[in-house]
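Every heavy atom of this structure was used, including side-chain atoms; hydrogens, water molecules and symmetry mates were not. Quick note on labels: first sequence line is chain A, next is B, and so on, each numbered from 1.
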Amino acid sequence: MFELIAFYTFSILTIGMFCIVVFSKNALYAMSALAGGMIFISGFFFLLEAEFLGVVQIIVYSGAVMALYAFGMMFFDTTRDVKENINNKKILYTLSILSAILIVVILCAPIFSANIEAIYPAKLEGVGNVQMIGLVLFTKYLIPFELAAVMLLVAMISGIVLVSKRMDANLTEDEQEHIEGETI
Amino acid sequence: MDAALIIETVIKAVLVLAVVAGLAGFATYVERKILAFMQRRLGPMNVGPHGILQLAADGIKLFTKEDLVPQNAVAPIFKIAPVIAPVCAFTAMAAVPFFPEFTVFGYKVTPIISDINIGILFVLGVASAGMYAPLLAGMSSSNKWALIGAARTVIALLSFEVVSGLALLAPIMMIGSLSLIDINDYQVGGVGSWLIWSQPVAFILFMIAGFAETNRTPFDLIEYEAEIISGYATDYSGMRWGLFFIGEYANMITVSLLVSLVFLGGYNPLWIIPGGIMILLKVSFFIFLFLWVRAAWPHIRPDQLMWLCWKVLMPLALINILITGIVLI
């Protein structure tokens, strides 16, 4: 009974929030609704007794959407509406409807053919949620897990290298010297 | 789910809300008194004996002040933002055990609203989601000082969250559980088994991250008066402004509770002092420490905070985890 009420409350809130994300022209509304929607999604994880994933959802997405806010701050006046530059509405609508149908088909195909089965069902006696994730991650999915870690490391290092190119040198001083050299 | 559980949960939630919101108000009075004492002033003296009724006067002022919304602000977000701070602070307390178990009229009461087995992660995650309050407030005010405050919120969050998470990882590795009740029970054997003796580095790192998380003085860069007026709160008045500060003081209480539970033996009884009194003493000490540091330390700049968190504290936390791992193996 309570799970039902909670499920419908969270569903309505999540769908409402993401509708605002899509339909709003104001970057601030869209980002705030995105943050709210991400946090409401964690409610489903709590309902499914996957508390660990629920909390990870809150932590990861609150941080990630926070970074989006930072970009918003740098590139837009977030208090004003964004003027959308749409040249051809027909192409836009066709593409978005097609991609929506494609996603629905991809997600529904295994459900229709009833192929979804949990290889490691989450109900083991005396084993908690966190331990379960640890067991699965470090036995069955060890290699994908390590590969993901390596990929993230590569992304981080390349990001640092790209950003910190010639960070020790002062760009304006260089330009000054260049100009002075030319005049001499 | 039976009716008794629901009634019990509702009563607990209302009690936590009422007591902590009251304590947050009281903490403003205590803060002014302690700061005054440390600076050889008297502090509030006129309203009631030793100014104790200043609290009521402040409350009346906050509730009756005109509620202003600036003309160019994004009104809905501007109005929602102050609510986020106390909501997140109180939600985080749902997973914190306040006292040891006790029985009332033969009914066993566990003073925790929801005993989820990942309590400490939940508290940290929800408390850091509370940083959306200053961020949204700053971005919706359409005020330059507020926008700078919001930008500083982002860097503060990104800096301290890494440190607090990594610092807590080492004690969690020793205990093997994320539940705050398990963490408390691990230290049941008196002062000698407190985790502060085996994890002193993690304790100091987590304290520093806690100061950054609650925007207290060495790290209150998002509302530092001398640089950016009042940061994100520049345009707020009345109770909306007050809500931010209820959230801040509630967060202080949460961080104090977390530090006491994880590193200082929590609510385990000590000698003849019962457990309930012990945790109150520890939390009061940490609240006092927050105020003491405010009186004793200067502010630091945002770049200094980032330098500290990323170049000093994070490597220290990683080394601490490595050493803990080697010792555990």
J.: Taking the side chain as C-beta and beyond, is there a heavy-atom pair between B:L157 and B:L135 under 4.5 Å?
T.: no

J.: Counting only heavy atoms closer than 4.5 Å, note whether B:L178 contacts chain A via side chain, backbone, both or neither.
T.: side chain

J.: Step through it carefully: locate the ring centre of B:F160, locate the ring centre of B:F211, and say whether they are under 6.0 Å apart.
T.: no

J.: Which bit of A:Y61 is near chain B, if near means a heavy-atom gap under 4.5 Å: side chain, backbone, both or neither?
T.: backbone

J.: Output yes when a side-chain donor or acceptor of B:Q199 lies under 3.5 Å from a complementary backbone atom of B:L168, and no otherwise.
T.: no

J.: Any side-chain heavy atom of B:L258 sitting closer than 4.5 Å to one from B:L124?
T.: yes

J.: Considering the options B:L121, B:V87, B:T91, which one meets the side-chain contact (heavy atoms from CB on, under 4.5 Å) requirement together with B:V126?
T.: B:T91

J.: Is a side-chain N or O of A:S24 found less than 3.5 angstrom from the main chain of A:V21, in a donor-acceptor match?
T.: no

J.: Any non-hydrogen side-chain atom of B:F219 less than 4.5 Å from a side-chain atom of B:I208?
T.: yes

J.: Please rank B:N72, B:I155, B:T153 by heavy-atom pairs under 4.5 Å with chain A and give me the top one.
T.: B:N72

J.: Looking only at heavy atoms, which of residues 34-45 of chain A get nearer than 4.5 Å to chain B?
T.: A:A35, A:I39

J.: Does B:F78 offer a backbone N or O that forms a donor-acceptor pair with the side chain of B:Y236 under 3.5 Å?
T.: yes

J.: Quick check on the interface: out of B:A73, B:S128, B:P76, B:A129, who has the most heavy-atom pairs with chain A under 4.5 Å?
T.: B:P76

